[in-house]
Amino acid sequence: MGLPRVARGGLLLLAGLLALLACVQAAGQASAVRPAELSPAELGIRARQAARTQVLAEEDDDEDYGDEDDGEAESGKVNVLLPADCLSVQEIGAVGGFFMVLTWMVLVVASIFMAIKAYQVGPEVQVQKYYYLNAFLCAVASYSYFAMFSGMGWETIEGCRQYFYVRFIELGVSMSITIFSLGLLAGQDTATLLAVMGSGVGSVYALYMGGIALVPLSKFLWFFFALALFAPVVFALLREFRQTVIDLNDPERIELYGRVSLLTIIAWSCYPLVWLLGVGFGGIGVSVEAICYCIVDVWAKVVFSFMIVNTIAYSAEAPGDFQKEYV
């Protein structure tokens with residue numbers, strides 16, 4: 001009965017995400033665009049490069065006059081803006097910044113709450129390790145958000161778009177902690193657990209490499225690499241980990257694992273989707289992209305943290321059950 005409720009909740013959250021996209025699309029179009037921080041000499045060089053490119057484009061148009069297809073092809077080449085050619089950068093606007101600060105506050109509160117609960121329950125209670133893992137999960141994400149709304153940890157990518165590399169550093173750590181928590185809950189063996197964690201980290205960093213790629217073909221090849229590395233994670237959570245927890249013959253633990261694993265799969269599947277809409281196709285602005293990441297981060301980290309510390313599933317757990325698995 002737990003799985004349908006989580007599935008319905010996930011669909012409602014996705015529907016809310018799409019509705020929010022429609023509401024703030026106008027705000028995303030108004031993302032701040034300010035001049036890149038260049039010296040006067042560098043600005044002069046860039047201006048001359050832009051002027052020379054425009055002259056060459058006009059000469060090509062004159063030579064190919066009457067041939068519209070060739071003219072469109074040349075125009076398409078000129079319109080590609082590489083990071084080195086950017087005189088201005090599309091950055092996050094006020095709405096995106098507000099959501100970042102709000103998400104940071106939620107993550108900080110959740111991290112402090114989990115740390116306090118871990119101290120209160122004591123080491124003799126098996127749920128304590130999950131409180132500690134959740135505290136680190138939310139804390140690492142809060143570091144990333146503090147850096148982002150402080151103007152740190154970003155670079156300019158193709159299309160003169162602001163791209164936060166610090167987000168992907170955090171996602172690699174967060175995915176590892178999430179998989180480790182699920183592995184502890186399921187009682188999974190160490191070798192399988194480490195293999196799934198490595199695949200998840202590789203998936204996240206492949207997404208980052210796709211963002212900084214300068215050639216569209218290379219960008220989407222990296223994206224497919226990310227999906228290929230994410231597929232084993234989904235398979236392991238749905239089959240390997242689930243079978244391990246079923247072998248424990250604990251109905252409460254099986255039900256809890258079913259809920260949190262489904263939530264994890266749906267939430268983490270939204271990261272490549274947001275990347276595809278933003279960096280991949282450029283269909284949404286930087287602010288809208290940031291808002292989408294904020295929603296998914298709260299879902300994948302804060303909601304996950306409070307769901308996995310359901311104490312009913314740990315009431316029958318004998319001390320040392322998981323220690324035997326990892327010694």
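We number each residue from 1, following the sequence as shown. Note: hydrogens, waters and symmetry copies are ignored here, and every other heavy atom, side chains too, is used.
In this view, Arg167 satisfies the side chain to side chain donor-acceptor pair (under 3.5 Å) rule with no residue, not counting sequence neighbours. Judged as a side chain to side chain donor-acceptor pair (under 3.5 Å), and not counting sequence neighbours, Ser181 has no contacts. Applying the side-chain contact (heavy atoms from CB on, under 4.5 Å) criterion to Thr192, with sequence neighbours excluded, gives Gln188, Asp189, Val196, Phe241. Judged as a ring pair (Phe, Tyr, Trp, His ring centres under 6.0 Å), and not counting sequence neighbours, the contacts of Tyr271 are Trp268.
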Distance-only check: which donor-acceptor pairs under 3.5 Å involve side-chain atoms of residues 207-224, not counting sequence neighbours?
residue	atom	partner	partner atom	Å
Tyr208	OH	Glu155	OE2	2.8
Lys219	NZ	Val279	O	3.2

Can you give each donor-acceptor pair under 3.5 Å made by side-chain atoms of residues 199-206, sequence neighbours left out, with the distance rounded to 0.1 Å?
residue	atom	partner	partner atom	Å
Ser199	OG	Leu229	O	2.4
Ser203	OG	Ala226	O	2.8

Pairs of donor and acceptor atoms involving the side chains of residues 99-114, under 3.5 Å and at least two apart or interchain, shall be tabulated with distances.
residue	atom	partner	partner atom	Å
Thr103	OG1	Phe99	O	2.8
Ser111	OG	Ala135	O	3.0

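Between Val245 and Arg242, the closest heavy-atom pair is CG1-O, 3.0 Å. Residue Asp297 comes nearest to Leu171 through the heavy atom pair OD1-CD2, 4.1 Å, listed as atom of the first residue, atom of the second, then distance. Between Leu237 and Tyr257, the shortest heavy-atom contact is O-OH, 2.6 Å.
Side-chain contact between Lys117 and Val309 is absent, with no heavy-atom pair separated by less than 4.5 Å.
Grouped with Tyr143 in a hydrophobic cluster is no other residue, since no side-chain heavy-atom contact under 4.5 Å to another Ile, Leu, Val, Met, Phe, Trp or Tyr is found.
If you look at Tyr293 and Tyr145, their ring centroids are not closer than 6.0 Å.
Sorted by first and then second residue, the salt bridge (Lys or Arg N to Asp or Glu O under 4.0 Å) pairs with a member in residues 92-115 form an empty list; sequence neighbours excluded.
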